[in-house]
Amino acid sequence: MKKIVMAGALAAAVTVGLVAAPKAEASSAKYTVNHYRTVKKYKHGMKATFSYQLPQLKGKSAAVKKINKDIKKSLVAEKKNAKQLFNYAKDGANNGFKNLSYYDATTAKITYNKNGVISFRYDQALDAGSGTFLIGSWTYSLKTGKKLTVFDVAEDDKSSVCAQLYYGAVDLGADDEYLRTTHASKMNYTLKGGKVYVYPRIAAAYNSKYFVIPSRYK
């Protein structure tokens with residue numbers, strides 16, 4: 001009789017354990033990229049084009065919803081900036097400029113998507129009379145939906161990472177004003193191939209320049 005009771009208790013414990021087991025966190029995410037495009041034409045052949053690729057994760061978890069909401073903020077902000085682009089083209093047409101095409105084009109791609117972290121890189125090309133090119137990123141925890149800073153993903157401790165960021169920026173030509181006003185945690189970076197690619201945006205001519213430091217995510 002005791003053996004039967006013990007067996008029954010063990011079976012109940014196993015059943016409870018199965019029910020109470022926490023749900024495994026996603027190590028990677030499925031996603032889609034939504035395309036937005038607005039073209040406005042003005043007299044004298046003047047034209048302005050706004051295009052934007054917006055990544056959105058698939059799923060209904062709180063973390064996914066938080067990430068998607070945060071990324072959407074960038075689209076809303078860039079749509080506001082696009083109004084200035086259209087005004088440039090319109091004013092140019094009214095002032096006799098001809099056959100010019102202005103644009104604000106952002107493309108996005110995933111550079112890392114495993115180990116519970118997802119990293120997007122976006123490239124933005126701007127031309128509203130004078131052109132520029134920017135590289136930026138979004139990197140998030142798939143567990144919490146939190147946006148990660150370079151300190152969250154770099155391999156070494158904070159003081160060591162700070163030193164690497166400082167000397168990396170200096171090697172690319174950072175001056176005292178940049179180093180004084182730019183907080184290291186705000187530097188743009190992407191994860192790829194077990195490394196952190198840091199884009200400090202020191203000056204317009206260096207927006208696509210980068211240096212590399214070790215990542216804790218391989």
Using side-chain heavy atoms (C-beta onward) and a distance below 4.5 Å, is [X] in contact with [Y]?
X    : Y    : answer
T139 : D152 : no
M187 : V150 : no
K147 : W138 : yes
Y189 : V153 : yes

For the atom pair [atom1] ([X]) and [atom2] ([Y]), what is the distance rounded to the nearest 0.5 Å?
X    : Y    : atom1 : atom2 : result
Q56  : I67  : CD    : CD1   : 10.0 Å
T190 : Y210 : OG1   : OH    : 9.5 Å
K114 : S119 : NZ    : OG    : 12.5 Å
R216 : E155 : CZ    : CD    : 8.5 Å
N94  : M46  : CG    : CE    : 9.5 Å
N81  : F86  : CG    : CZ    : 11.5 Å

Just wondering, are more than 12 heavy atoms of other shown residues or ligands nearer than 6.0 Å to [atom1] in [X]?
X    : atom1 : value
K218 : NZ    : yes
N95  : CG    : yes
Y167 : OH    : no

Check your understanding: Just checking, is any N or O donor in the side chain of N113 or Y31 under 3.5 Å from an acceptor N or O on the other one?
Key ->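 There is no such pair between these side chains.
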Review point. S137 and Y199: side-chain donor and acceptor closer than 3.5 Å?
Key: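 Looking only at side-chain atoms, Y199 and S137 do not form any donor-acceptor pair under 3.5 Å.
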Do [X] and [Y] share a hydrophobic cluster (ILVMFWY, side-chain heavy atoms under 4.5 Å, transitive)?
X    : Y    : value
L172 : L179 : yes
I110 : Y52  : yes
L75  : Y140 : yes

I'd like to know if the side chain of [X] and the backbone of [Y] have a donor-acceptor N/O pair within less than 3.5 Å.
X    : Y    : value
N115 : V117 : no
D70  : K66  : no
S215 : G194 : no

Exercise for review: Check the pair L85 / L126 against side chain to side chain contact (heavy atoms under 4.5 Å, CB included), numbers first and verdict last.
Suggested key: CA-CA 9 Å; L85 175 79; L126 295 160; over 6 Å; no
Work out which heavy atom in [X] is nearest to a heavy atom in [Y]; give both atom names and the distance.
X    : Y    : value
T106 : Q124 : OG1-CG, 3.4 Å
V196 : A154 : CG2-CA, 4.3 Å
F133 : D123 : CZ-OD2, 3.4 Å
Y178 : A169 : CE2-CB, 4.2 Å
I71  : P55  : CG2-O, 3.7 Å
Q164 : F211 : O-CE1, 3.8 Å

Check your understanding: Is the Y88 ring parallel, tilted or perpendicular to the Y102 ring (thresholds 30°, 60°)?
Key ->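 If you compare the ring of Y88 with that of Y102, the planes turn out perpendicular.
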Practice item. Please step through side chain to side chain contact (heavy atoms under 4.5 Å, CB included) for the pair K79 and F50, ending with a clear verdict. Key: CA-CA 8 Å; K79 278 186 173 180; F50 169 77; 4.0 Å; yes
Exercise for review: Apply the test side chain to side chain contact (heavy atoms under 4.5 Å, CB included) to residues F151 and L165: give CA-CA distance (whole Å), side-chain angles for both, the deciding distance (0.1 Å), then the verdict.
Suggested key: CA-CA 10 Å; F151 295 114; L165 295 176; 4.3 Å; yes
